[in-house]
A.B. asks: 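I am attaching a structure below and will ask some questions about it afterwards.
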Amino acid sequence: MSGARAGILGLGRIGREIADRLAAFKMEIHYHSRARKDTPGWIYHADPVSLAKAVDFLVVALVGGPATRGYVSRPFRPGGIC
């Protein structure tokens with residue numbers, strides 16, 4: 001995993017904890033959130049599609065509810081892991 005690019009969709013409390021752990025594996029961290037965060041060295045993406053295109057692994061850490069319903073709705077590519 002070292003050197004791979006990880007994308008975090010939703011950089012709230014849980015998303016940040018996941019990102020911190022992946023960064024410990026020396027992964028390059030990319031993220032999408034409602035607003036930029038103070039995350040030196042991490043790469044912000046303004047939309048989830050550009051995030052997904054830029055990474056090797058994508059972690060969805062969104063809060064549930066009406067605001068995020070359908071936010072991720074496209075099927076994974078063949079061979080992908082859900």
Side-chain angles (χ1 to χ4, degrees):
M1 294 174 56
S2 188
R5 297 171 309 239
I8 309 296
L9 182 56
L11 200 66
R13 183 178 50 85
I14 293 171
R16 186 178 286 265
E17 289 291 333
I18 294 168
D20 285 339
R21 284 162 174 75
L22 295 175
F25 284 99
K26 299 193 182 335
M27 294 184 81
E28 182 178 287
I29 304 299
H30 295 242
Y31 73 95
H32 168 73
S33 191
R34 287 178 281 187
R36 286 182 188 262
K37 309 286 184 178
D38 183 22
T39 54
W42 294 2
I43 301 164
Y44 172 76
H45 292 264
D47 65 272
V49 174
S50 70
L51 171 66
K53 288 180 179 180
V55 298
D56 302 306
F57 300 95
L58 180 64
V59 177
V60 179
L62 295 171
V63 66
T68 57
R69 183 168 288 123
Y71 207 80
V72 177
S73 60
R74 188 169 186 156
F76 283 89
R77 68 186 180 342
I81 298 172
C82 304

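Excluded from the calculations below are hydrogen atoms, water molecules and symmetry mates; all remaining heavy atoms, backbone and side chain alike, are included.
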A.B. asks: Linking I/L/V/M/F/W/Y whenever any side-chain heavy atoms sit under 4.5 Å apart, do M1 and V55 land together?
C.D. replies: no
A.B. asks: Using a 4.5 Å cut-off between side-chain heavy atoms of Ile, Leu, Val, Met, Phe, Trp and Tyr, which other residues end up in the same hydrophobic cluster as I43?
C.D. replies: none
A.B. asks: State which residues pass side chain to side chain contact (heavy atoms under 4.5 Å, CB included) with D47; sequence neighbours excluded, sorted by chain then number.
C.D. replies: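 Side chain to side chain contact (heavy atoms under 4.5 Å, CB included) list for D47, sorted by chain: V49, S50.
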A.B. asks: Tell me whether W42 shares a hydrophobic cluster with I14, the cluster being built from Ile, Leu, Val, Met, Phe, Trp, Tyr side chains joined at under 4.5 Å.
C.D. replies: yes
A.B. asks: Examine distances only and state if a side-chain atom of Y31 and a backbone atom of K37 form a donor-acceptor pair shorter than 3.5 Å.
C.D. replies: yes
A.B. asks: Can you tell me which residue pairs pass the salt bridge (charged side-chain N to carboxylate O under 4.0 Å, His left out) test with a partner in residues 23-36, sequence neighbours excluded?
C.D. replies: none
A.B. asks: In the single-linkage hydrophobic clustering (I, L, V, M, F, W, Y; side-chain heavy atoms under 4.5 Å), do Y71 and L51 co-cluster?
C.D. replies: yes
A.B. asks: For Y44, does the OH atom sit with more than 12 other heavy atoms under 6.0 Å from it, leaving out its own atoms?
C.D. replies: yes
A.B. asks: Mind listing the closest non-hydrogen atom pair of L11 and A19 along with its distance?
C.D. replies: CD1-CB, 4.2 Å
A.B. asks: Could I get the full list of side chain to side chain contact (heavy atoms under 4.5 Å, CB included) partners for A52, not counting sequence neighbours?
C.D. replies: L58
A.B. asks: What's the shortest heavy-atom distance between P48 and L9, and which atoms?
C.D. replies: CB-CD1, 3.8 Å
A.B. asks: Only counting residues at least two apart or in another chain, list the ones meeting side chain to side chain contact (heavy atoms under 4.5 Å, CB included) with V59.
C.D. replies: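 With neighbours one apart ignored, the set is I8, I18, L22.
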A.B. asks: Suppose the criterion is salt bridge (charged side-chain N to carboxylate O under 4.0 Å, His left out): which pairs have a residue in residues 3-21, not counting sequence neighbours?
C.D. replies: R5-D56, E17-R21
A.B. asks: Is there side-chain contact between F57 and M27, with heavy atoms separated by less than 4.5 Å?
C.D. replies: yes
A.B. asks: Show the nearest heavy-atom pair for residues G15 and A61, with the distance to one decimal.
C.D. replies: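 Residues G15 and A61, closest heavy atoms: CA-CB, 3.9 Å.
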